[in-house]
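In what follows, every chain begins at residue 1, and chains take the letters A, B, ... in the order their sequences are listed. Note that this is a predicted model, so its numbers are computed, not measured.
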Amino acid sequence: MQGALRGREAAFRRARCRLRGGAASRARARLLHAHRLRGAGRGARGPERHRRRRSVRRALRDAGRPADAWARLCAGLRAHAARAESRWRGARGRRGRGRVRRGRRRERARRRLRAGYGASGRGRGCRARPPRAESQGAAQARRQARRPRRRHRRPRRAGLGRSDGARHAHEGRTTGRARGRACARRGAHRLGRQLMFDARYSIRTHVAGALRAADAGVEVTLAGWVHRRRDHGGLIFVDLRDRSGLVQCVFDPEDSKAAFVVAESVRPEWVVKLSGVVRKRPPGTENPGLATGEVEVLVTEAEVLNRSETPPFEVESAIATDETLRLKYRYIDMRRPEVLDALALRDRITQRFRKSLEHRGFIEVETPMLGRSTPEGARDFIVPSRLNPGKFYALPQSPQLYKQLLMVGGLERYYQIARCFRDEDLRADRQPEFTQVDIEMSFVTQDDLLAMMEEVMREVLREASVDLPIPLPRLTYAEAMDRFGSDRPDLRFGMELVDLSDVFAGTEFKVFASALASGGVVKAICAKGAGDWSRGRIDALAPVAAEAGAKGLAWIAFSSEGEVRSPIAKFLREEEMAAVRERLAVEPGDLVLFAADARMTANEVLGALRTHLAGELDLAKEGFACLWVVDFPLFKWDTEEDKWSANHHPFTRPFDEHLDLIESDPASVLSYSYDLVINGIEVGGGTLRIHDADLQRRVLKVLGIAEDEAREQFGFLLDALTYGAPPHGGIALGLDRLVMLLAHKHSIRDVIAFPKTSSGACPLTGAPGPVSARQLREVHLRPE
RNA sequence: GGGGUGUUAGCUCAGUUGGUUAGAGCGCUGGCCUGUCAAGCCAGAGGUCGCGGGUUCGAGUCCCGUACAUCCCGCCA
């Protein structure tokens, strides 16, 4: 309960922050206004309506602002913020309680909160003053972002922090003031370590975002988009925006009447070329919120290069816009620093992978997009062959088979930034096409490969100013499941699973006793700070547990006042309670949750609860907890098809010491396999491969793939393995997911230039679309 | 394939128990305005309440269907 209150408090403060402070007073007045005016013009039309509203406005102005109106407004905001907050925390468990309405509105509000805007509206206050009640982690991240960096070593990654959005919009995507100043002297601007973005090879002499006080007196020509125009009648300010940032341009009719006339006509997003002189702004008019805030350009020549329709949303406020609309007009959306930064970060990460791998002797090889469909794994996207009636290509789910063939071919070290396709249902972190950093090596042990990858990852993450300590921790699959109930545990918080089977060995509590009697376990987790939750909130955890396979959910709540609530406590002996307290290090205010079931089920139930509670309790979400999960079982039992299936893929190499068990005890065969996990998200995975044709046949046989079937589907690989295949192994990293994590995004759509919606459609191009009957005929398909 | 949530002006959203001609902020258009920086002030335009049925004297509001979006399960490494 305390956690919930704290969350609401914080949300409310975030919402309210925009209503505070000098710069916010007008926003506050305006909101108040809106609130009071509601209905003032109701029933009237046209001039009459406006007359009525005018009179209300006047009355308001005269009467001041009644306190109760302000209170009502605050109450409304608080409710709104609380709803947004509860939605944000994934309050799915409380579904149906009260009349809390959730949905798109709160989804948007949540996005705004994250972006540092107010709970509604566009948070004028936040521009001048960042949200006060931000999470500790966010504050820390911000401090780090502000910490001066070593010059010329590392670009500042503005816009990656959660609360950077608003501030960043004005700073432009400069990469550190120190560098900016240095580069400005030669009219250059650097975006990222290796990428020089400046005015060379263009119709301009400088880029907008790089101008500094040192440039005063320099004649410049700029080109870009009109970000905003402030027309004072006798003086016009235009913020000119290009990829590098913003600079204020001044049009004074006394300096150039012609330019002034142009400025009068321009509108947001028009494309212009401006020439003029850089000068220091008059004292008192500097804008410290802008990287170029010390200077302005006095424009003497202005040319409109292109006009623009009124954009469907404002470039600056797109964060608060429906994502489908943003995707439809992605070319406008990506003018925002937030999108641009994500793409630029992605580029840096990609380049760093290339460089790091190249330095280690890897050769980048392109593999075919038009391949052959195989029944294993995900559903293929298929492409009909015009030249081969009735036959189809398949787009690659991954270059898996090709890269093994490259190893047989003696490439020894291969990599590829490879596009992969899977025709499966989509998620926030799944797109029908996505990018893998695909790697394969010959003559390596698992340790060789992991060590190499750790070094590469360290270099890559450094590109995002993340210091990755290596070697990374390694957990076996068994240990990960046992301690965290997940094969991709989030190690940013504890809440480990504790086995209490021995404690309850002789218990009289039937549920526990029967679970133990049938060979199961009793395990528990301790949720710090949930001990004061209401009965209803605790009960809302039951569906979470049930979804993971639990038959019920036993719990004991220890309130802050030392009170014990529990539906099961009365069945437990005193010494059992004492043992629970001791083993789980229970303190007042904790909630202990039990799972009594088969070991795997109990693990999964508590794992699901652990993840869910971490969200509810808002446990530490900062930093990058990176680890290897290794030694996965080779097979898993497919209950639907009633057969063994490959845990990873059919080419995974079993432990040498388990080769004898393949046929006799498939379940206990472990494999040389590894997943790279960051913050509870699987970022990559790989295995050592089978390089022996006989062994490969044995594994395929266990998988129920008959000899002739195997020939038909993988014959080429089986053949290849007979011609001197070296021992080899590799890994594939989900580039989209990795960049998503490093950019602090919540969907890979945010780090893809032109992503698809959850139904696989592209709102921008309209893909997938129909094709003509003739096209169908040509590929030998009949329309339905 | 299943479940949750949503769809009201260009954008973000209100819209009370079903009740007269559906509102706000921003944006847009026009006017005024020489130091703004989300400029300000004044005026104005802008709506098939996603779509199709139904209940009702009366539906933005209730019911059914459907499309789309989004999150989750299944699926997918």
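In this structure, H232(A) counts as stacked on the base of A39(B) under the 5.5 Å centre distance and 30° plane angle limits. You can call F237(A) stacked on the base of U36(B); the centres are under 5.5 Å apart and the planes sit within 30°.
Distance check on atom P: A38(B) versus U5(B) gives 40 Å, rounded to whole Å. Between the C1' atoms of G18(B) and C26(B), the separation comes to 31 Å (whole Å). Here the separation of G23(B) from U16(B), taken at their C1' atoms, is 14 Å to the nearest Å. For the P atoms, the distance from G3(B) to G50(B) is 22 Å, rounded to whole Å. For the P atoms, the distance linking U70(B) with G27(B) amounts to 28 Å, nearest Å.
With D736(A) contributing its side chain and T435(A) its backbone, the two residues share a donor-acceptor pair below 3.5 Å. With hydrogens and angles ignored, the 3.5 Å screen pairs a side-chain donor or acceptor of E286(A) with a backbone N or O of G284(A). Within the 3.5 Å criterion, the main-chain N or O of E682(A) finds no donor-acceptor partner in the side chain of D675(A). Within the 3.5 Å criterion, the main-chain N or O of A428(A) finds a donor-acceptor partner in the side chain of S747(A).
Residues satisfying the ring pair (Phe, Tyr, Trp, His ring centres under 6.0 Å) test with F651(A), not counting sequence neighbours, are H649(A), F714(A). Qualifying side chain to side chain donor-acceptor pair (under 3.5 Å) partners for E433(A), counting only residues two or more places apart in sequence or in other chains: R419(A), K756(A). Evaluation of the ring pair (Phe, Tyr, Trp, His ring centres under 6.0 Å) rule for F632(A) yields Y477(A) as partners, not counting sequence neighbours. Judged as a side chain to side chain donor-acceptor pair (under 3.5 Å), and not counting sequence neighbours, the contacts of R330(A) are D333(A).
Residue G293(A) is out of contact with every strand shown, counting any heavy-atom pair closer than 4.0 Å. E286(A) comes within 4.0 angstrom of a base, heavy atoms only. Within the 4.0 angstrom heavy-atom criterion, base atoms lie near T285(A). Residue N647(A) is in base contact, counting any heavy-atom pair closer than 4.0 Å across all strands shown. No contact: D423(A) has no heavy atom under 4.0 Å from any strand. Within the 4.0 angstrom heavy-atom criterion, no nucleotide atom of any strand lies near R488(A).
Contact check, T321(A) against C11(B): no side-chain N or O comes under 4.0 Å of OP1 or OP2. For the pair R281(A) and G35(B), the criterion of a side-chain N or O lying under 4.0 Å from OP1 or OP2 is not met. Contact annotation: R229(A) does not reach the phosphate of C28(B) (side-chain N/O to OP1 or OP2, under 4.0 Å). The side chain of R230(A) contributes an N or O atom lying less than 4.0 Å from OP1 or OP2 of A39(B). Under 4.0 angstrom from either OP1 or OP2 of U70(B) there lies at least one side-chain N or O belonging to S758(A).
Across all non-hydrogen atoms, the minimal contact from T292(A) to G209(A) is CG2-O, 3.4 Å.
Non-hydrogen atoms lying under 4.0 Å from RNA chain B are contributed by Q397(A), all within residues 394-403 of chain A. Taken residue by residue, residues 424-432 of chain A places heavy atoms nearer than 4.0 Å to RNA chain B at E424(A), D425(A), R427(A), A428(A), R430(A).
Base pairing of A59(B): no nucleotide in any strand meets the Watson-Crick or G-U wobble criterion (both distances under 3.5 Å). With a cut-off of 3.5 Å on both Watson-Crick or G-U wobble distances, the partner of C76(B) is given as none. The nucleotide G44(B) finds its pairing partner in C28(B), both defining distances of the Watson-Crick or G-U wobble pair being shorter than 3.5 Å. With a cut-off of 3.5 Å on both Watson-Crick or G-U wobble distances, the partner of A67(B) is given as U7(B).
The side-chain heavy atoms of I748(A) and Q431(A), taken from C-beta on, include a pair separated by under 4.5 Å.
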